[in-house]
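Down below is the structure, laid out as structure tokens.
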Amino acid sequence: MINYLIRRIFTSILVLFGVSMLVFSVIHLIPGDVTMAILGRQKVSLEKVAELREQLGLNDPIYVQYGRYLNKALHGDLGVSIRNYLPVSKAIADQMPSTFALAMSALAIALSIGGVLGLLAALRHGTWFDTLIMGLSVSGLSIPTFWMGLLLILLFSVKLGLFPSISNDSSFADLFLPALTLGLPEAAIVARMIRASMLDVLSKEYITTARAKGVPERMVILKHALRNALIPVVTFAGLQMAYLLGGATIVETMFARQGIGRLAVQSILNRDYPMVQGVVLVTATIYVLINTLTDITYVFLNPKIRLQ
Amino acid sequence: MISKSSTTLFQSNSPGVRTFKRILRNRSAKIGGVLLFILIFVSYAAPLFTDKDPNKTVPALALKSPSFEFPMGTDGIGRDNFSRFLYGGRLSLRVGLVGIIIGALLGTTLGLISGYFGGWLDALISWFTDVLMAFPDILLALVIIAILGPGITNAMLAIGISFVPSFMRLTRSSVLALREMTYVEAARSLGSSDARILIRHILPNSIRMLLVLITLGIGSSILAGAALNFLGLGAEPPTAEWGAMLNSGMKFVRQAWWLTVFPGAGIFLAVLSINLIGDAVSDAMAGTNVIPDKK
């Protein structure tokens, strides 16, 4: 098991190394000269171009530039925005809590709604209720997040006037629609997973044994079946929390809500490359770290892997 | 003569035909197929259904609600929403299809090379795809757009590249199992070149699993394309595209519901129809796996 852990951590470090290289090269892969891409069609003096090249550190050999980038990034310095001259790391730190609150609320919605519906569908396997839930779940997977968000705005905000369509803080009212928009498609996935996992566990011999021993059905479901059926879902929840950080991009843009996803889109549109690099690097790093932690937790949770 | 040959074909017992028949029998595949056919037909035969130019602006007719003349109303600058919906469908469907084709071509090639040759090449390609997988959801596509700049062609490329890891991994794992098969060994001992073995013997046997991934992937690809367009990183105005139409319709969500409901429904129905077909394809392929389990 120790070998597995060491190998897993080593792979993650290699991946993070690759991520940093890819993010660093964003600025060098832009077709044409990056300073021209940033300055666009503005008429500027040669001094201004030279100043920008210096600011971006483009005059050094590429390996020196990468070494400096990595060293600074490891010390928490992600450069300075070329649009508002604020430190990138500060901008990200300011936006992160909002995205985190959104992702967590969406996950809570996904697990509670998806969990209950998936469990009920499994218990009523083959009935109209099961078919209905599975139908809703395919629809949930096919619905574009941004369209569902707009429909929710039309219903809850325009027709019923219950929640604001622009959301800016983490109060319940402001968070409700964005979190629902992000969480419902995930609920569809959770419902499918729980259903499949429960059906699998319910067909196991130890469930038949428990029933044969006369254990009340409620106990069979809650104590014997559900606990085992939840193992894959726990792993999924970990991965999904990290995944939602990326998914927040559309929802944040749509509800004009603060957050790193919206910051990423705005920076791309503004050609603020240091900001784009910073946001992408931080999000990908969090994603890799959570993935690694989830894998390691899974090893501890699952005796089959632990004993290997 | 014709009827005889067609009967022979119909009664063929080849696994491919059997699988295809199984897909045709599936109810959700039928619903999905009909739905998809209608969407493709109305998009590509748009001039049959409307004679209005999707880009012609008539400010005096701005924000008209749906009526006999404008079945889906008009937008903020008086363009006919119905013809924009029909013509927009072409682009949305094409973005999805081209995106997945790019992903499948690149990913499958990398997977074939990685799985067949192994060694440092495998390690390098696997590491590269692991790095690509470190970007959650739409983030990888955003990075690529940041590099290439916004635009519809770049959006297709970005979506394609974000599908590379899934195709690479699937092909690689299938090649790892197939390259040990006796018929591959036989081909090798007969002196076939690596390229011939990969293309003639290994690829055809991986194609079924790839087909499942492609069918299911088209739906995700359409969604990703619409998302990039919705974020303003794809089609340039005034091009009609469902995601971009939703973006411009969002400003009028309080006054004109038709500008958000119809284009969104287009994306939803397209993705739903493909997911229904995809589920049927994956059900039909289950149990017809040509690669034996390694035990």
Side-chain angles (χ1 to χ4, degrees), chain A residues 11-12 14-19 21-23 25-31 37 135 138-139 141-151 153-154 157-159 165 239 242-250 253-254 261 264-265 267-269 271 273 276-277 279-280 283-288 291, chain B residues 28 32 123 126-150 219-220 222-224 226-233 242-243 246-247 249-250 253-255 257 259-261 263-276 278-279:
Chain A
T11 323
S12 301
L14 274 185
V15 167
L16 282 177
F17 185 62
V19 167
M21 273 164 65
L22 187 65
V23 169
S25 53
V26 162
I27 214 161
H28 297 276
L29 292 171
I30 295 161
V138 179
S139 311
L141 290 176
S142 312
I143 202 164
T145 325
F146 39 94
W147 189 49
M148 191 168 63
L150 285 169
L151 294 182
I153 290 178
L154 270 176
S157 182
V158 179
K159 292 275 175 230
S165 61
L239 295 178
Y243 192 75
L244 287 171
L245 292 177
T249 310
I250 292 166
T253 307
M254 200 174 152
V265 175
S267 317
I268 291 175
L269 290 170
R271 295 173 188 272
Y273 294 111
V276 175
Q277 287 177 307
V279 174
V280 170
T283 316
T285 306
I286 295 176
Y287 188 57
V288 172
N291 264 339
Chain B
S28 60
S126 299
W127 171 73
F128 174 67
T129 40
D130 279 353
V131 170
L132 291 187
M133 287 180 101
F135 299 91
D137 200 50
I138 201 170
L139 200 66
L140 182 58
L142 288 183
V143 174
I144 297 161
I145 295 276
I147 295 171
L148 300 173
S220 320
I222 293 180
L223 270 183
L228 288 180
N229 280 303
F230 176 76
L231 291 173
L233 301 171
W242 289 337
L246 268 180
N247 182 344
M250 195 168 67
V253 68
R254 292 183 180 274
Q255 302 100 305
W257 57 266
L259 293 180
T260 45
V261 168
I267 306 169
F268 170 63
L269 291 177
V271 179
L272 180 69
S273 63
I274 289 162
N275 282 348
L276 287 173
D279 275 354

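Letters A, B, ... mirror the listed sequences (proteins, then strands); counts begin at 1.
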Review point. By a 4.5 Å heavy-atom criterion (distance strictly below it), what part of Ile143(A) contacts chain B: side chain, backbone, both, or neither?
Key: both
Check your understanding: Which pair of heavy atoms, one from Val15(A) and one from Ala134(B), lies closest together, and at what distance?
Key -> CG1-CB, 3.9 Å
Review point. Of the backbone (N, CA, C, O) and the side chain (C-beta and beyond), which part of Leu139(B) lies under 4.5 Å from a heavy atom of chain A, both, or neither?
Key: side chain
Review point. How many angstroms lie between CZ in Phe146(A) and CG in Leu231(B), if you round to the nearest 0.5 Å?
Key: 8.0 Å
Check your understanding: What part of Asp279(B) gets closer than 4.5 Å to chain A, counting heavy atoms only: side chain, backbone, both or neither?
Key -> side chain
Review point. If you round to the nearest 0.5 Å, how far is CG of Leu140(B) from CG of Leu22(A)?
Key: 7.5 Å
Review point. With only heavy atoms counted, which part of Ser267(A) is less than 4.5 Å from chain B, the side chain, the backbone, both or neither?
Key: neither
Check your understanding: With chain B, which of Pro144(A), Ser25(A), Gly261(A), Ala284(A) has the greatest number of heavy-atom pairs at distances under 4.5 Å?
Key -> Pro144(A)
Practice item. Might you point out which heavy atoms bring Leu154(A) and Val253(B) nearest each other, and give the distance in Å? Key: CD2-O, 3.5 Å
Review point. What are the two closest heavy atoms between Thr283(A) and Pro136(B), and how far apart are they?
Key: CG2-CG, 4.1 Å
Practice item. Quick one: closest heavy-atom pair of Met133(B) and Tyr287(A), and the distance? Key: O-CE2, 3.3 Å
Exercise for review: Answer with side chain, backbone, both or neither: which region of Leu233(B) has an atom nearer than 4.5 Å to a non-hydrogen atom of chain A?
Suggested key: side chain
Check your understanding: Tell me, do Val138(A) and Leu276(B) make a side-chain contact under 4.5 Å, heavy atoms counted?
Key -> yes
Practice item. Measure distances from Phe230(B) to the heavy atoms of chain A and classify the residue's part below 4.5 Å as side chain, backbone, both or neither. Key: side chain
Review point. For Trp257(B) and Val158(A), what are the C-alpha separation, side-chain angles and deciding distance, and is it a side chain to side chain contact (heavy atoms under 4.5 Å, CB included)?
Key: CA-CA 10 Å; Trp257(B) 57 266; Val158(A) 179; over 6 Å; no
**Study point:** Heavy-atom closest contact (Leu223(B) atom, Leu141(A) atom, distance)
**Key:** CD1-O, 4.0 Å
Check your understanding: Of all of Val261(B), Ile144(B), Leu132(B), which one pairs up most often with chain A through heavy atoms under 4.5 Å apart?
Key -> Val261(B)
Exercise for review: Measure distances from Asp130(B) to the heavy atoms of chain A and classify the residue's part below 4.5 Å as side chain, backbone, both or neither.
Suggested key: both
Practice item. Begin from the C-alpha positions of Val280(A) and Leu142(B) and carry the test side chain to side chain contact (heavy atoms under 4.5 Å, CB included) through to its verdict. Key: CA-CA 9 Å; Val280(A) 170; Leu142(B) 288 183; over 6 Å; no
Review point. Considering only heavy atoms, which portion of Ile250(A) lies under 4.5 Å from any heavy atom of chain B: side chain, backbone, both, or neither?
Key: both
**Study point:** Side-chain donor or acceptor of Trp147(A) paired with backbone N/O of Phe268(B) under 3.5 Å
**Key:** no
Exercise for review: Mind ranking Leu269(B), Val143(B), Ile138(B), Leu246(B) by heavy-atom pairs under 4.5 Å with chain A and telling me who comes out on top?
Suggested key: Leu246(B)
Exercise for review: Answer with side chain, backbone, both or neither: which region of Ala270(B) has an atom nearer than 4.5 Å to a non-hydrogen atom of chain A?
Suggested key: neither
Revision key, fill the gap. Nearest heavy-atom approach of Gly232(B) to Leu269(A) is O-CD2, 4.0 Å
Practice item. Give, as side chain, backbone, both or neither, the part of Val19(A) having an atom under 4.5 angstrom from any heavy atom of chain B. Key: both
Point to revise | Interface residue of largest heavy-atom contact number with chain B, from Lys159(A), Gln277(A), Met254(A), under 4.5 Å | key: Met254(A)
Exercise for review: Flag the one option from Ala227(B), Gly219(B), Ser28(B) with the top tally of heavy-atom pairs under 4.5 Å to chain A.
Suggested key: Ala227(B)
